[in-house]
Amino acid sequence: MASFIGLSASQSQFLYRCSLPISSPAFISSSVHLKKQAPVRRLLVLPIKCSSSGPSQDTESEAETMSVPSSSSFSSSLASSNSTYNWHAGIGAVGIIETAYLTYLKLSGSDAFCPLGGGSCGDVLNSDYAFIFGVSLPLLGLIAYGFVTTLSLQLSAKNLPFGINETTGHLLLLGSTTSMATASAYFLYILSTKFAGTSCSYCLVSALLSFSLFFISLKDVGLQEVQKVVGLQVCIASLVFATLSTSYSNLPSAPSSQANIDLPYFTTEITKESSPFALSLARHLHSIGAKMYGAFWCSHCLEQKEMFGREAAKLLDYIECFPDGYKTGTKMIKACADANLEGFPTWVINGQVLSGEMELEKLAEVSGFQFNE
C-alpha cells in the first residue's frame, strides 16, 4: 500500500499518512503557489511503501500460538484417556482376583477366609442371596470384572473388536460400570437389612471397586456427554434392580418375628443315664457308619439324644449343621447340604434316610442290630 510523506524545506518535518494504493508510484510535484515578492516554496512528495510483512508475521505468529495450545490440549486429553483406561484395567484386575477366589471356594465347597468379622462373612457368602437365578454371584462378578478390564485395555490400545469405534466403547464401559454399581448398591441394602450386624469384607471390597469404576467412567465421559445418555443409564439401573428383585422374590420369606434371628451356638447337657441296650445300639451304629444330622436349637434332636442317654449319645456319629450358630440367611455346612436334609434330626443308615425322631427299636431294626443280653 502506498503512502506519501510531505517534506517542507523550511520546516524539515515528516508527516505520515496511509492512503489507498496507486498504479505507478513516482515523484509527484505539487502545485506551486506564487505570490509577488514572496519566496517560492516547493513541496516534495516522496512515495513510501508501507510494509505489510510485520503485521503478517504477527498474524502468523498468533496463529501458531493458537495452534500450539490446541495440539497440546489434544495430547493432554489423549494421555488423560489412556490414564483413565489404565485405572479401569487395574481396578478390574483386583476385582477379577477377588471374584476368582470366591468362585473357586464355591466350586470346591471350601470356607472363605474372613479377615474381618470372623465366620460371619461365610454366612453371607453361603446364603441364598449368593445366587441369582441359580448362578453363583462370584461367577457373575468374575465375568463383569473381566469384561471391564478387557474393554479398558482395548480402548487404551485403540484396538476395539467388531469395528466398534471409541465412542461406542465409552458407552459400553459406562453401561457396564453403571450395572455393577447398581448391583452393589442393591447388595449393600440386602446386607444391612437381611444380615444386620454381619460383617462381610468381600462384599464391601467388591462394592468399593464397582463404585470406583462407575465414578471414573463418569469423569472420563464428562458431564455434558453423561446428560445425553442419562436415560440409558436409568434404564440399565432399572433393569438390574428388577432382575435382582425378581430373583430374590422366590426366596422363602421369614415371618416378621423371625426376621432378625441371631442364635449363638450352645450345647445342652443330657442328664439321662444310658441303658445297656442303648450303649450296645450306639456302638453298633458307630461301627456301620450311621450318621445323625441335627441342629443345636432343635428340640427333637435333643429328645433323640435323651433316648440314648448321656454315655451312649457320646458314641453316636452326630453332625451339627450349624456349628457357628444360626442367623437369618445362614446356610448349613457342606456335609449337611450334600445330604439333602428335609428336617432335623435325620438319620442316614446303610444308605437309607430316616427323617424325624426315631425309637431305638426302629433304629435297631433298620441297622440290623440284634441285642444279646
Side-chain angles (χ1 to χ4, degrees), residues 88 91-114 117 119-151 172-196 198-214 217 232-254 259-261 327-334 336-338 340:
H88 275 100
I91 295 174
V94 175
I96 290 175
I97 294 174
E98 181 198 19
T99 51
Y101 169 67
L102 296 178
T103 301
Y104 165 75
L105 295 179
K106 283 288 185 183
L107 296 177
S108 62
S110 305
D111 294 328
F113 169 71
C114 302
S120 60
C121 71
D123 299 336
V124 179
L125 298 174
N126 295 323
S127 68
D128 293 333
Y129 290 97
F131 296 88
I132 299 178
F133 293 112
V135 181
S136 173
L137 187 58
L139 179 59
L140 295 175
L142 178 62
I143 296 173
Y145 283 118
F147 177 78
V148 169
T149 302
T150 303
L151 181 59
L172 287 174
L173 193 60
L174 179 61
S176 302
T177 55
T178 299
S179 63
M180 295 170 68
T182 304
S184 294
Y186 189 94
F187 293 136
L188 289 178
Y189 167 76
I190 294 294
L191 184 64
S192 62
T193 55
K194 304 297 183 179
F195 301 92
T198 301
S199 174
C200 179
S201 54
Y202 296 102
C203 307
L204 298 178
V205 169
S206 182
L208 177 62
L209 295 177
S210 298
F211 288 135
S212 298
L213 289 172
F214 173 66
S217 299
L232 177 62
Q233 289 181 278
V234 172
C235 290
I236 293 175
S238 302
L239 180 61
V240 172
F241 181 83
T243 302
L244 295 175
S245 298
T246 303
S247 175
Y248 295 141
S249 64
N250 297 326
L251 296 180
S253 56
N260 294 318
I261 294 178
K327 294 181 180 179
T328 303
T330 302
K331 297 190 70 174
M332 297 180 290
I333 62 174
K334 185 177 184 299
C336 297
D338 292 343
N340 296 321

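We use all heavy atoms of the structure for the numbers below, so side chains are in, but hydrogens, waters and symmetry mates are not.
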Side chain of [X], backbone of [Y]: donor and acceptor closer than 3.5 Å?
| X | Y | value |
| --- | --- | --- |
| Ser217 | Thr177 | no |
| Ser245 | Ala242 | no |
| Thr178 | Leu174 | yes |
| Ser127 | Val124 | yes |

Spacing of [X] atom [atom1] and [Y] atom [atom2] [to the nearest 0.5 Å]:
| X | Y | atom1 | atom2 | value |
| --- | --- | --- | --- | --- |
| Leu209 | Leu213 | CG | CG | 7.0 Å |
| Glu98 | Tyr202 | CD | OH | 8.0 Å |
| Ile132 | Leu244 | CD1 | CG | 5.0 Å |
| Ser176 | Phe214 | OG | CZ | 12.0 Å |

Kindly indicate whether the side chain of [X], heavy atoms from C-beta on, has any atom under 4.5 Å from the side chain of [Y].
| X | Y | answer |
| --- | --- | --- |
| Ile97 | Tyr145 | no |
| Phe187 | Leu137 | yes |
| Leu188 | Leu204 | yes |
| His88 | Thr149 | no |
| Val234 | Ser238 | yes |
| Phe147 | Ile143 | no |

Met180 vs Val240, side-chain contact (heavy atoms from CB on, under 4.5 Å): CA-CA, chis, key distance, verdict: CA-CA 9 Å; Met180 295 170 68; Val240 172; over 6 Å; no

For the student: nearest non-hydrogen atoms of [X] and [Y], plus distance:
| X | Y | result |
| --- | --- | --- |
| Ser212 | Ile91 | CB-CD1, 4.0 Å |
| Lys334 | Ser108 | CE-O, 4.3 Å |
| Pro138 | Leu102 | CB-CB, 3.7 Å |
| Leu191 | Cys200 | CD1-CB, 4.2 Å |
| Ile236 | Gly175 | CD1-CA, 3.6 Å |
| Thr150 | Gly146 | OG1-O, 2.8 Å |

Taking atom OH of Tyr186 as the centre, report whether more than 12 heavy atoms of other residues, nucleotides or ligands fall under 6.0 Å from it. yes

Please determine which of Phe131, Tyr189, Phe133, Tyr129 meets the ring-ring contact (aromatic ring centres under 6.0 Å, His included) test together with Tyr248. Tyr129

